[in-house]
Participant: 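So that we are looking at the same thing, I have put the structure below in structure tokens.
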Amino acid sequence: MNIFDFFRERKKETSASIAKERLQIIVAHERGQRSTPDYLPDLQKELVEVIRKYVNIDSDQVQVILEDQGNCSILELNVTLPDR
Amino acid sequence: MAKILVITSGKGGVGKTTTSAAIGTGLALRGHKTVVVDFDVGLRNLDLIMGCERRVVYDFVNVIQGDASLSQALIKDKRLENLYVLAASQTRDKDALSTEGVGRVMDELRESFEYIICDSPAGIEKGAHLAMYFADEAIVVTNPEVSSVRDSDRMLGLLASKSRRSENGEEPIKEHLLLTRYSPDRVTKGEMLGVEDVEEILAIRLLGVIPESQSVLKASNQGIPVILDEQSDAGQAYSDAVERLLGKETPHRFLDVQKKGFLQRLFGGRE
């Protein structure tokens, strides 16, 4: 830094702070995915097949969410049934 | 009790081999019998950084496949009594390393060494996986840069789930963060992530910060681990990191911009 920089206006958002913000978001997202067990996609597929035996649904109408609550995990199953 | 230490990062070119050579040499300097093992099969380079490239006769894969004994393959360091190198093979066979074979060699090394430093290849393939699999502690080498930090976080995930310790339900691998190629000047200007930023994102214990330094290239040119350059900032920072690894608390150095003189400040010095 020299005497000219000293009087120059300081930029509000530096590239380093943008980097930090981007990293915090992507790392949090990837950590969330990491904690889901490997069998979850297979479980979802099989659940859809079972439900399909009785009701005609698309695979995207079933949501499987595994929520970690410290000492136990909750498997949440959301099925949107078609209008009759 | 022997300790297996993996030097890992995910991303390439961040300083894993430089760190393996420096930390291994630093431990040997302090009287601990140490071996540094190169896991980068096909791209052997630790030997060059340690300056023993012309003395490689047998390598890691030769030992695994039973073509050579461990004592035949271990290369004794020219400078230090307690330091040995086990070179990687230059074979292109990706399956040269097996979990069982590496495990056997690790068990044998445990019998005669205090510290076994595993220099991991970049990526998350077999070599990187096996380098971390048997580890007790891990040093995650990270540059203050987005792709390196993200990859380091990915490695932390693998360390926690894909190791012998995690599979056996033992105490998890102890993780250390080593921030390398750090420029305090650029951090001050807001051009580079600071130590606190990386610590906050990765949330692991900081082992050390190695400043960006010309001494690192100078050392690798000559095949002398940079920690032996006691005059250099990087060498001193590595020494501090080794002290901390051995449980001694020492303050972090080289985190602030070197002060410039008045005239230099006024007219702007050479960056």
Side-chain angles (χ1 to χ4, degrees), chain A residues 1-50 59-60 62-79, chain B residues 10-11 124 140 142-162 166-167 175 177 179 181-204 256-271:
Chain A
M1 204 205 288
N2 62 28
I3 198 162
F4 304 109
D5 294 333
F6 191 76
F7 294 108
R8 213 179 283 157
E9 220 186 313
R10 254 245 138 98
K11 258 192 244 162
K12 257 203 208 143
E13 199 171 31
T14 61
S15 66
S17 63
I18 298 170
K20 185 180 179 184
E21 206 185 305
R22 291 174 61 217
L23 273 170
Q24 279 173 324
I25 294 166
I26 191 69
V27 163
H29 175 73
E30 287 175 346
R31 279 185 192 161
Q33 286 187 325
R34 198 186 293 160
S35 56
T36 64
D38 300 337
Y39 61 75
L40 212 61
D42 283 347
L43 177 70
Q44 174 157 4
K45 220 170 75 190
E46 281 180 45
L47 282 171
V48 172
E49 278 162 22
V50 171
S59 55
D60 57 357
V62 177
Q63 261 189 317
V64 180
I65 305 159
L66 192 72
E67 212 176 310
D68 191 24
Q69 297 201 327
N71 55 359
C72 72
S73 301
I74 296 176
L75 183 73
E76 199 180 304
L77 189 65
N78 260 312
V79 188
Chain B
K11 191 178 179 298
I124 51 173
V140 181
T142 309
N143 289 169
E145 173 270 326
V146 286
S147 45
S148 175
V149 175
R150 182 200 206 169
D151 288 359
S152 292
D153 190 68
R154 183 113 173 75
M155 294 324 277
L156 290 173
L158 295 175
L159 283 167
S161 63
K162 302 268 188 272
S166 67
E167 283 173 12
E175 301 152 337
L177 170 65
L179 204 56
R181 308 202 68 166
Y182 193 72
S183 297
D185 186 41
R186 304 197 71 183
V187 175
T188 317
K189 286 181 186 159
E191 296 174 0
M192 184 183 268
L193 290 163
V195 192
E196 298 85 4
D197 299 330
V198 182
E199 269 188 288
E200 193 185 323
I201 295 162
L202 295 178
I204 54 171
D256 298 315
V257 184
Q258 301 282 24
K259 291 258 172 10
K260 285 179 181 172
F262 174 71
L263 285 175
Q264 220 179 357
R265 197 181 274 262
L266 194 61
F267 298 109
R270 195 164 60 92
E271 296 287 319

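So you know, we letter chains A, B, ... as the sequences are listed, proteins then strands, and number each from 1.
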Participant: Search all heavy atoms of B:Gly190 against all heavy atoms of A:Thr14 and return the closest pair with its distance.
Facilitator: O-CB, 3.2 Å
Participant: Flag yes if more than 12 heavy atoms outside A:Glu21 fall under 6.0 Å of its CD atom; otherwise flag no.
Facilitator: no
Participant: If I compare all heavy atoms of B:Leu193 with all of A:Ala19, which pair ends up nearest, and what's the gap?
Facilitator: CD2-CB, 4.0 Å
Participant: Rounded to the nearest 0.5 Å, what's the gap from CD on A:Gln24 to CG on B:Asp197? Could you check?
Facilitator: 8.0 Å
Participant: Start with the C-alpha distance between A:Ile26 and B:Val146, add both sets of side-chain angles, then the distance that settles side chain to side chain contact (heavy atoms under 4.5 Å, CB included), and finish with yes or no.
Facilitator: CA-CA 10 Å; A:Ile26 191 69; B:Val146 286; over 6 Å; no
Participant: Before giving the answer on side chain to side chain contact (heavy atoms under 4.5 Å, CB included), spell out for A:Leu23 and B:Arg150 the whole-Å C-alpha distance, their side-chain angles and the decisive distance to 0.1 Å.
Facilitator: CA-CA 7 Å; A:Leu23 273 170; B:Arg150 182 200 206 169; 4.2 Å; yes
Participant: Should the heavy atoms of other residues, nucleotides or ligands under 6.0 Å from CZ of A:Arg31 be counted, would the total exceed 12?
Facilitator: yes
